[in-house]
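Note that these values count all heavy atoms, side chains included, but never hydrogens, waters or copies made by symmetry. The sequence lines fix the lettering, A, B, ..., with proteins before strands; numbering per chain opens at 1.
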There are 2 protein chains.
Amino acid sequence: MPPLYRKIAAGLREEILSGRLRAGDRLPTETQLQDQHGVSRNTIRLATALLVNEGLVEHVPGRAGGMVVRQRVTLTFHASRAEMPGPYSESDAWFSEVREQGYEPSQTFELRIEALPAELAQRLGVEADSPAAVRRCIRSVNGNASSVQDTYYPMDLCQEVPELLSPHDIPQGTTRHLAEHGHVQVAYEDEVVAAMPGPTEAAILELPAGTPVLTYIRTGFTPERAVRVSVTTFAADRNRIMYTLGNADVIAKFRASEEP
Amino acid sequence: MPPLYRKIAAGLREEILSGRLRAGDRLPTETQLQDQHGVSRNTIRLATALLVNEGLVEHVPGRAGGMVVRQRVTLTFHASRAEMPGPYSESDAWFSEVREQGYEPSQTFELRIEALPAELAQRLGVEADSPAAVRRCIRSVNGNASSVQDTYYPMDLCQEVPELLSPHDIPQGTTRHLAEHGHVQVAYEDEVVAAMPGPTEAAILELPAGTPVLTYIRTGFTPERAVRVSVTTFAADRNRIMYTLGNADVIAKFRASEEP
DNA sequence: CAGTGGTCTAGACCACTAC
DNA sequence: TAGTGGTCTAGACCACTGG
């Protein structure tokens, strides 16, 4: 026999998943739920905490607030397209993807110099705690933070390619600048993981409780060495990552035939 | 001023992240924490619920139990390697990857016939609710469920390739059988998302509270059509997905030079 | 102002599991 | 059997926000 609070949560979950309650709809208030089920408020809060942690509802403060069924907008990040040959910088690609999907993109930049944590140093094939330039890019959709990207460049590369140290967007893309100095990236390794955010990540991305983050770590290689590592953290409720493997034309043709 | 329960959680989080508490260590009991901070038990439980939801600790029942710092084993799933040309089936690739990483793999199979949900039907370019064979494979590492994979084949393909309807593992791999009947997959589209599990997913994967799932949806294309969709759900605390783009030899060479 | 959720207390009884 | 967490109650005061 499941405990009371789980049964109450299951009932509400059913209402939402079945579609009887839609995104934006208000759930009954805590007092109403107490009366309906004849339990204490604490029990109701245990139940709703479950739904919040599943990302189904969120609490909205104030008199007109209450518990509201969450909206889900998904933005697609095409990992195979980003930074592939072409005249675009990665942020151009991202901007046009977001616009294509009907939203308004914006981003902020920041530059720091940091000692490389061991995990990342290992990926770059350099010593832990050696210095690196970190370019942080926070990307927002319709004004809501959507992803944070930290890209780490070993310090020796920055001396060769001083453009990397700009604290602003680099319109032509850093990949381009690296290439012009002889560092042409010919391979990428991507690692995709998911986890619950710590409080700092939750703060940056303004994540409601119960929202995991989707992180992808890309290491870029020239024929000689690893030149950079990017750690991109997405709010998982608003983003997905897409990869295309093999003959991409086949997929494009298929999509075209589906259109009409 | 953050509320009490957050301050208490922050203190414990610090202990864990700083390394003073290691995986397997027990946190103070609830009674001890009550005394230390002079608060009620309910407040302590609010604090520890946060840590549980961040996946940092888990509750172990019984006298010798308590709250224990969670262990993190990560298994790598190489999405670019799986099903790429070669004599191996996908499950062979998975088995050897798990063994390489020092764990013991096992899996169970199941076959169902189902109406295709609209989402997946659209990916296959067929009508919603048309019938499909679903091969479910639950993969475990050291006896713990680690991922569930459901692969959907449109019914017309199953008539052509009756092997698909076997309720067991197909040693040579379904991809191989499809190819032998003229359906050679030449492109794949992968979609990666993360979310909190519903109760059924949590049950199958035996997920502790606060563990997100990492889902990847792969659509396989022949030059003519989409032939199958696989939905693989990983426990995010035990798995990561890896992609290699571009010239893989460059990365292999880099790894080799790092070894000594 | 009225009503929402946010936080917190001080109790209680139960189920489980190692000792 | 003793000690852990799991569940639940019945109160309380507060901060916030719309009408």
Side-chain angles (χ1 to χ4, degrees), chain A residues 1-12 16 21 24-70 199 202-203 206-211, chain B residues 1-12 16 21 24-70 199 202-203 206-211:
Chain A
M1 257 293 94
L4 262 179
Y5 76 98
R6 284 187 189 276
K7 285 198 273 193
I8 296 170
L12 294 172
I16 296 166
L21 287 172
D25 285 357
R26 285 178 59 179
L27 268 62
T29 65
E30 293 184 343
T31 328
Q32 287 171 337
L33 289 171
Q34 279 183 67
D35 295 347
Q36 276 177 36
H37 298 92
V39 298
S40 78
R41 186 167 166 221
N42 223 318
T43 304
I44 295 299
R45 288 189 65 82
L46 283 176
T48 58
L50 279 183
L51 301 182
V52 169
N53 284 329
E54 287 169 21
L56 290 175
V57 304
E58 77 191 302
H59 287 303
V60 178
R63 178 170 175 174
M67 293 184 353
V68 172
V69 179
R70 276 172 63 183
E206 299 163 39
L207 295 172
T211 308
Chain B
M1 256 294 91
L4 262 178
Y5 76 98
R6 285 189 189 275
K7 285 199 275 193
I8 295 170
L12 294 171
I16 296 167
L21 287 171
D25 285 357
R26 285 178 58 180
L27 268 60
T29 65
E30 293 185 344
T31 329
Q32 287 170 337
L33 289 171
Q34 279 183 70
D35 296 347
Q36 275 176 37
H37 298 93
V39 298
S40 80
R41 188 172 164 218
N42 223 318
T43 303
I44 294 299
R45 288 190 65 82
L46 282 176
T48 59
L50 280 183
L51 301 181
V52 169
N53 284 330
E54 286 169 23
L56 289 175
V57 304
E58 77 190 304
H59 286 304
V60 178
R63 179 170 174 169
M67 295 186 347
V68 173
V69 179
R70 275 172 64 183
E206 298 163 40
L207 296 173
T211 308

Exercise. Find the distance between CG (B:L27) and CG (B:L51) and round it off to the nearest 0.5 Å.
Key: 7.0 Å
Quiz prompt | Among B:I44, B:V39, B:L46, side chain to side chain contact (heavy atoms under 4.5 Å, CB included) partner for B:L4 | solution = B:V39
Quiz prompt | Length of the line joining B:L46:CG and D:dG5:P, which is rounded to integer Å | solution = 15 Å
Self-check item: Nucleotide D:dG6, atom C1' - distance to CD of B:E58 in whole Å
Solution: 15 Å
Quiz prompt | Between D:dG5 (C1') and B:L33 (CG): distance, integer Å | solution = 13 Å
Quiz item: What residues form a side-chain hydrogen bond (donor to acceptor under 3.5 Å, both in side chains) with A:R41, not counting sequence neighbours?
Solution: A:E30
Quiz prompt | d(CD, A:Q32; P, C:dG5) in whole Å | solution = 9 Å
Quiz item: Given atom NE2 of B:H59 and atom C1' of C:dT17, what is their separation to the nearest angstrom?
Solution: 16 Å
Quiz prompt | Between C:dC8 (C1') and A:E30 (CD): distance, integer Å | solution = 14 Å
Quiz item: Roughly how many Å is it from NE2 in A:H37 to P in D:dC8, rounded to a whole number?
Solution: 12 Å
Self-check item: Whole-Å distance separating the CZ atom of A:R6 from the P atom of D:dG6
Solution: 10 Å
Quiz item: What is the nucleic acid contact for B:G65, judged by heavy atoms within less than 4.0 Å: base, sugar-phosphate only, or nothing?
Solution: nothing
Quiz item: Taking the side chain of A:R45 as heavy atoms from C-beta outward, which of C:dG5, D:dG5, C:dC8 is closest to it?
Solution: C:dG5
Exercise. List the protein contact pattern of nucleotides 9-19 of chain D with one symbol per nucleotide (5' to 3'): B for base contact, S for sugar-phosphate-only contact, - for none; contact means a heavy-atom distance under 4.0 Å.
Key: BB-B---BBB-
Exercise. Output every pair passing side chain to side chain donor-acceptor pair (under 3.5 Å) with a member in residues 54-66 of chain B, not counting sequence neighbours, ordered by first then second residue.
Key: B:R13-B:E54
Exercise. Check A:L33, A:L56, A:V69, A:V57 against A:L12 for a side chain to side chain contact (heavy atoms under 4.5 Å, CB included) and give me the one that passes.
Key: A:L33
Quiz item: Which atom names give the shortest non-hydrogen contact between B:T43 and B:Y5, and what distance separates them?
Solution: O-CB, 3.7 Å
